[in-house]
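Below, read A as the first sequence line, B as the second, and so on, with proteins coming before strands; counting in each chain starts at 1. These numbers come from a predicted model, not from an experiment.
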Protein chains: 2
Amino acid sequence: MIKIGELAKISGCSVETIRHYEKEQLLAAKLRSDGNFRLYDHADIERLLFIKHCRSLDLSLAEIRQLLSLNDSPMSQCDDVNQMIEQHIEQVERRIADLTQLNKQLKALRLSCNSKRTVEHCGILKQLNEAVSQTN
Amino acid sequence: MIKIGELAKISGCSVETIRHYEKEQLLAAKLRSDGNFRLYDHADIERLLFIKHCRSLDLSLAEIRQLLSLNDSPMSQCDDVNQMIEQHIEQVERRIADLTQLNKQLKALRLSCNSKRTVEHCGILKQLNEAVSQTN
DNA sequence: TATTGACTCTATAGTAACTACAGAGTTTAA
DNA sequence: TTAAACTCTGTAGTTACTATAGAGTCAATA
């Protein structure tokens with residue numbers, strides 16, 4: 001059994017993050033030491049690494065909680081997992097499209113200012129202001 | 001002079017958002033009515049639309065505050081604006097790259113589960129667990 | 001004129017996923 | 001034994017809002 005500091009080292013999560021996951025019901029220490037320190041075993045390490053991997057895929061804690069509970073009750077349907085991933089993919093793709101559009105606009109903006117001038121004549125600010133007038 | 005509700009309608013921002021911007025020092029009503037209602041003029045409308053446009057470019061409120069103060073003091077250097085936009089572009093591009101990578105992983109994950117099975121044999125969960133073991 | 005409804009005010013709490021304390025207790029090594 | 005390092009709980013801060021509560025203001029209607 002290891003204490004929270006060692007789990008943090010092994011997993012690469014911070015101690016605070018681990019405690020946060022406990023509060024969020026993702027990972028609970030089943031045992032405490034005499035001095036009330038959390039004690040973890042190998043299964044806990046795996047569970048935390050699972051969580052970390054899911055987080056690296058940008059899954060929310062709520063989604064991960066769902067995955068973990070599915071994992072814990074093996075009779076549930078695989079479809080549920082599939083559907084969740086599917087939704088997540090859509091969400092990510094929407095975000096990519098948005099950012100790509102954004103990137104274009106920012107680059108156009110950058111072109112409109114050739115430095116060495118005072119803000120008075122700054123093309124970027126001018127453009128931002130003009131966009132405003134048009135919107136209005 | 002118009003009240004906050006009308007400004008909200010004109011700008012497409014919510015009343016709460018406008019009050020939030022005031023709290024964040026982006027947009028202050030220079031006048032109040034007898035009954036202590038905020039009063040706005042045309043310059044305020046323009047300023048709010050400017051803010052909104054910047055937000056649509058994903059600039060943070062801190063960045064917008066900076067832009068507005070540059071706009072308010074026309075002797076400052078255009079370079080500052082340029083540099084900020086430059087940094088923002090980099091940030092957006094980094095985020096796009098991350099998400100693209102993420103998208104690949106999610107799609108690979110999706111392929112590993114063919115539904116109609118119980119979670120026990122779900123390829124997605126299996127993969128997530130295996131990834132854990134490898135990381136460890 | 002009284003009152004209803006729509007509007008506005010301030011202040012506070014909630015969102016997501018942490019991070020960063022404070023103040024206390026525990027363990028370990030010198 | 002005492003100091004350093006670790007852990008505990010609980011609370012507040014981060015971002016950009018959103019959503020209340022409880023009170024006050026204003027315009028139109030009965």
Peer 1: Starting from C1' on C/dC18, measure out to CD1 on A/Ile51 and report it in whole angstrom.
Peer 2: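 After rounding, the gap between these two atoms is 14 Å.
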
Peer 1: Hey, are B/Lys3 and B/Asp44 close enough for a salt bridge, meaning a charged N less than 4.0 Å from a carboxylate O?
Peer 2: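 No, no charged N to carboxylate O under 4.0 Å.
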
Peer 1: Could you tell me how far apart B/Gln25 (CD) and D/dT15 (C1') are, to the nearest whole angstrom?
Peer 2: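 Value for this atom pair: 16 Å.
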
Peer 1: Side chain of A/Ser60 only, please: which of D/dT9, C/dA17, C/dT27 is the nearest?
Peer 2: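 Output: C/dA17.
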
Peer 1: Could you check how far CG of A/Asn36 sits from C1' of C/dG23, rounded to whole Å?
Peer 2: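 Rounded to the whole Å, the gap is 16 Å.
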
Peer 1: Side chain of A/Arg32, heavy atoms from C-beta onward: which of D/dC17, D/dT9, D/dT7 has the nearest atom to it?
Peer 2: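 The answer is D/dT9, which lies nearest to the side chain.
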
Peer 1: Taking side chain as C-beta onward, heavy atoms only, is B/Met84 less than 4.5 Å from B/Leu59?
Peer 2: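 A side-chain contact under 4.5 Å exists here.
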
Peer 1: Considering only NZ, NE, NH1 and NH2 on the basic side and carboxylate oxygens on the acidic side, decide whether B/Glu22 and B/Arg32 come within less than 4.0 Å.
Peer 2: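 Judged by the 4.0 Å cut-off on N to carboxylate O distance, B/Glu22 and B/Arg32 do form a salt bridge.
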
Peer 1: 5'-most contact on DNA chain D: B/Arg55 or A/Tyr40, nearest heavy atom basis?
Peer 2: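 Nearer the 5' end of the strand: A/Tyr40.
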
Peer 1: Are OP1 or OP2 of C/dT19 and a side-chain N or O of A/Thr17 less than 4.0 angstrom apart?
Peer 2: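 Yes, because at least one side-chain N or O of A/Thr17 sits under 4.0 Å from OP1 or OP2 of C/dT19.
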
Peer 1: Using whole Å, what does the distance between atom P of nucleotide C/dT8 and atom CD1 of B/Ile18 come to?
Peer 2: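 To the nearest whole Å, that distance equals 9 Å.
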
Peer 1: Between atom CE in B/Met1 and atom C1' in D/dC26, what is the gap in whole Å?
Peer 2: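 It is 18 Å, rounded to the nearest whole Å.
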
Peer 1: Think A/Arg38 has a side-chain N or O under 4.0 angstrom from the OP1 or OP2 of C/dT26?
Peer 2: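 No, no such contact exists.
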
Peer 1: Quick one: which of D/dT7, C/dA17, D/dC17 gets closest to the side chain of A/Lys3?
Peer 2: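 Of the candidates, D/dT7 comes closest.
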
Peer 1: Report yes if a side-chain nitrogen or oxygen of B/Tyr21 is closer than 4.0 Å to either non-bridging phosphate oxygen (OP1 or OP2) of D/dC17; otherwise report no.
Peer 2: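 So the side-chain polar atoms of B/Tyr21 do come within 4.0 Å of the phosphate oxygens OP1 or OP2 of D/dC17, strictly under.
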
Peer 1: Counting only side-chain heavy atoms from C-beta out, which of D/dT9, C/dT12, C/dT8 sits nearest to B/Lys23?
Peer 2: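 The answer is C/dT12, which lies nearest to the side chain.
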
Peer 1: Calculate the interatomic distance between A/Leu39 atom CG and D/dT7 atom P; express it in whole Å.
Peer 2: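 Roughly 11 Å, once rounded to whole Å.
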
Peer 1: When we call it a touch if two heavy atoms are under 4.0 Å apart, what does A/Arg19 touch: a base, just sugar-phosphate, or nothing?
Peer 2: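 Result for A/Arg19 = base.
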
Peer 1: Do the charged groups of A/Lys52 and A/Glu46 touch, with an N to O distance under 4.0 Å?
Peer 2: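 No.
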
Peer 1: Considering only C/dC9, C/dT19, D/dA16, which nucleotide approaches the side chain of B/Phe37 most closely?
Peer 2: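 Among C/dC9, C/dT19, D/dA16, the one nearest the side chain of B/Phe37 is C/dC9.
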
Peer 1: For B/Leu59 and D/dC17, what is the distance between atoms CG and P respectively, to the nearest whole Å?
Peer 2: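 About 12 Å, once rounded to whole Å.
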
Peer 1: Measure NE2/B/His20 against C1'/C/dT12 and give the value in whole Å, please.
Peer 2: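 So the two atoms are 15 Å apart, to the nearest Å.
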
Peer 1: Give a yes/no answer on whether the side chain of B/Ser14 brings an N or O atom under 4.0 Å of OP1 or OP2 in D/dT18.
Peer 2: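 Answer is yes, contact under 4.0 Å.
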
Peer 1: From the options D/dA16, D/dT11, C/dT10, select the nucleotide whose nearest atom is closest to the side chain of B/Leu61.
Peer 2: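 Shortest atom-to-atom distance from the side chain points to D/dA16.
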
Peer 1: Which nucleotide sits closest to the side chain of A/Ile4: D/dA16, D/dT7, C/dT19?
Peer 2: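 Selected nucleotide (nearest to the side chain): D/dT7.
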
Peer 1: Look at B/Asp58 together with A/Arg95 and state whether they make a salt bridge at an N to O cut-off of under 4.0 Å.
Peer 2: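 Looking at B/Asp58 and A/Arg95, the cut-off is met.
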
Peer 1: Can you figure out which of D/dT20, C/dC9, C/dT19 approaches the side chain of B/Glu16 most closely?
Peer 2: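 Among D/dT20, C/dC9, C/dT19, the one nearest the side chain of B/Glu16 is D/dT20.
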
Peer 1: Any Lys/Arg nitrogen of B/Lys107 or A/Glu93 sitting under 4.0 Å from an Asp/Glu carboxylate oxygen of the other?
Peer 2: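 Counted as a salt bridge, because a side-chain N and a carboxylate O are separated by less than 4.0 Å.
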
